Amino acid sequence: AGVYNPANAAIAPSIDQQIVRRQVNGVYGSAAFTIRNWWTIEGTARNDWSSTLPVGANSYFYPSVNTSIVVTDAIPSLQSKFISSRKIRAASAKVGSDAPVYSLVPVFIGNANRFGGQPQFSLDSRLANPDLKPEITRSDEVGAELSLFDSRVSLDFSAYSKATRNQIFDVEVSGASGFDRKWV
């Protein structure tokens, strides 16, 4: 007790060093409009180019749009002592993602141990995949908000769905292949 040394730890720490090179360039734009103080429309657009995707297929675009209408501001006669405000909203968005670093081509990984004073390297145990595509996740949502009793009580309802296309992950493969995992 009182000796603060890594060798004194219950679980010995491991020291690892990596050099990881990745480059992502992108352009982004957004716009928002409010019409008559009760209808709002917002949109974004983004395109990225990633060094971790195959050349010629390394660009991915992902937009979003959302809108909301404050119904009680659009139709003031819907307001009452009981209902302070009603709002409906909808949104749709895509989000892109690139592949993990060094998943397109086979790479050699350095080993901390030396043999005869020389560094050791071994082939990555994950099989590379040169045909990976960018992941695209799409989310859609609709909802409503209701304020009651002079905005003392508020209710919020939402329904949404989310799906990913071309999801990138590594799966187990037979060790007889010489690898233990494969990028798909």
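All of these numbers come straight from a predicted model, not from anything done at the bench.
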Quiz item: Atom CG of Asp156 and atom OG of Ser147: how far apart are they, to the nearest 0.5 Å?
Solution: 9.5 Å

Practice problem: Enter the distance from Arg89:CZ to Thr40:OG1 here, rounded to the nearest 0.5 Å. | Solution: 13.0 Å

Exercise. Please test Lys133 against Ile168 for side chain to side chain contact (heavy atoms under 4.5 Å, CB included), starting from the C-alpha separation and ending with a verdict.
Key: CA-CA 8 Å; Lys133 298 176 182 176; Ile168 300 170; over 6 Å; no

Exercise. Identify the two heavy atoms, one from Arg181 and one from Val173, that lie closest to each other, and give their separation to 0.1 Å.
Key: N-CG2, 3.8 Å

Quiz item: What heavy-atom pair brings Pro54 and Pro130 nearest, and what distance separates the two atoms?
Solution: CG-O, 3.2 Å

Self-check item: Closest heavy-atom pair and its distance - Trp183, Ala128
Solution: CD1-CA, 4.2 Å

Quiz item: Where do Ser30 and Thr44 land on the side chain to side chain donor-acceptor pair (under 3.5 Å) test, with the steps shown first?
Solution: CA-CA 4 Å; Ser30 67; Thr44 66; over 6 Å; no

Quiz prompt | Exercise: identify the closest heavy-atom pair between Val95 and Tyr62 | solution = CA-CD1, 3.7 Å

Exercise. Identify whether the distance between the nearest side-chain nitrogen and carboxylate oxygen of Lys162 and Glu141 falls below 4.0 Å.
Key: no

Self-check item: Min side-chain heavy-atom separation Leu104-Leu132 under 4.5 Å
Solution: yes

Quiz prompt | Non-hydrogen atoms of Val24 and Ser50 that approach each other most closely | solution = CG2-OG, 4.0 Å

Self-check item: Shortest non-hydrogen separation from Ser92 to Asp140 and the atoms involved
Solution: OG-OD1, 2.6 Å

